[in-house]
Amino acid sequence: MKHQSFIVLGIKLFAVGIFSLILGMQTVQGAVYFAGDFDGDGRADPVKIDDDAWSVWSSAAQYQLLGVYELPFEGGTFVCADFDGDGLVDPAMVDADGNWYVALSGRDYQASEPVNLAGARGIPLAADFDGDGKADPAMVVGGQWFFWLSTLEYAIRGPYEFYVPGGQPLAGDLDGDGRADPVMVSDAGWFVWYSAQEFQRFGPVQLGVSGHPVVGDFDGDGKADPAIVDGAGMWQAWLSADEYRKHGPQRA
C-alpha cells in the first residue's frame, strides 16, 4: 500500500467532557482502538485503526481530528507503541507468521522490513517493559507472556504467567515507575501486575462500563489511565491525576 502523509482535516468533533469523542460517527465494529502520544505533548491521543487507515484525535488541539493516515501495510494484528524512543507512537502490524512491520515516526512512517521474532505465537502487543524509553515487543499465549527487550538486544524472555480466565491482554505504566505493567481485562474486571511491586497482582477493579478496553497516559502525569470505548465509539477514561474519576459522556 502506498505511503501517504497526514491529511490535516481540521474537523472538530462533537464532545461532551474530555473523552466523549464520537469516533467517525459510527460504531466500533470492525475497528481497533489504541491510545498513544502522536502529537508530542506528553498526553495520549485517541486512535482508531480500521481496515485501511488510522485516525488520530490530537490532545494538543482540543481533540480535533489530526488526520487520516493510510497504513503502509495490510492485514495482520495492529499494535501502537514508541519503538524508536523519540516520544512519538509508531503504528505496527504483526502477521500470522510472527513478522513485525513497524512504521517509525522518525522515518516518515515508512514501513520497515519485516522482523521475525521466533519463539512464540499469540496475541502481540508492545510497551516499554524495561524502562529504557523504547517499546518492547511481546506475545501473550494463553496466560503466558513472552518479551523481547530492547535493553537485551531483543533476546526473548519468558514465559511469565499473568493470567485471568477470558482476559484480554493490555500493557501500560499504571504505577508510574517507568516500566509497563501487564494488564488483563475480563468480565470480572481489570487486573494489573505492578512492576514496582514485584509483579504482584492487583484487582479485579470494575469500571461499570462495557466496551473495548484501552490504556494510555491521557493526563500526562506519567501514569497510564484505563479507558473504555463503548459500542457507539464514545470514549470514557479514569484519570490518575484526578483520583481516577471518570471523564467521558455526561448523560445524567
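Hydrogens, waters and symmetry mates play no part in the numbers below; they use all other heavy atoms, side chains included.
Put simply, CG on Asp50 and NZ on Lys48 are 5.5 Å apart, with the number rounded to the nearest 0.5 Å.
Between the side chain of Asp82 and the main chain of Ala135, no donor-acceptor pair closer than 3.5 Å is present. Panel note: side chain Asp95, backbone Gly76; no donor-acceptor pair is recorded below 3.5 Å. A donor-acceptor pair under 3.5 Å links the side-chain atoms of Asp217 to the main chain of Gly222, judged by distance alone.
Looking at Asp45, Asp39, Asp41 one by one, the single match for side-chain hydrogen bond (donor to acceptor under 3.5 Å, both in side chains) with Ser58 turns out to be Asp39. Partner of Phe38 under the ring-ring contact (aromatic ring centres under 6.0 Å, His included) criterion, chosen from Tyr109, Tyr69, Trp54: Trp54.
Between Phe162 and Phe199, the gap from one ring centroid to the other is short of 6.0 Å.
Val205 and Val192 fall within a single hydrophobic cluster, where Ile, Leu, Val, Met, Phe, Trp and Tyr are joined by side-chain heavy atoms under 4.5 Å apart, directly or via other members.
Enclosure of atom CZ in Arg107 is not indicated, since only 12 or fewer non-hydrogen atoms of other residues, nucleotides or ligands lie within 6.0 angstrom.
Salt bridge annotation for Asp132-Lys134: absent, with no cationic side-chain nitrogen under 4.0 angstrom from a carboxylate oxygen.
A donor-acceptor contact under 3.5 angstrom links the side chains of Ser105 and Asp86, judged on distance only.
Using cut-offs of 30° and 60° for the angle between ring planes, the Trp100 and Phe83 rings count as perpendicular.
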Next item on the list: Take Gln144 and Glu161, measure what side-chain contact (heavy atoms from CB on, under 4.5 Å) needs, and give me the verdict at the end.
Entry: CA-CA 5 Å; Gln144 304 293 313; Glu161 184 168 322; 3.2 Å; yes

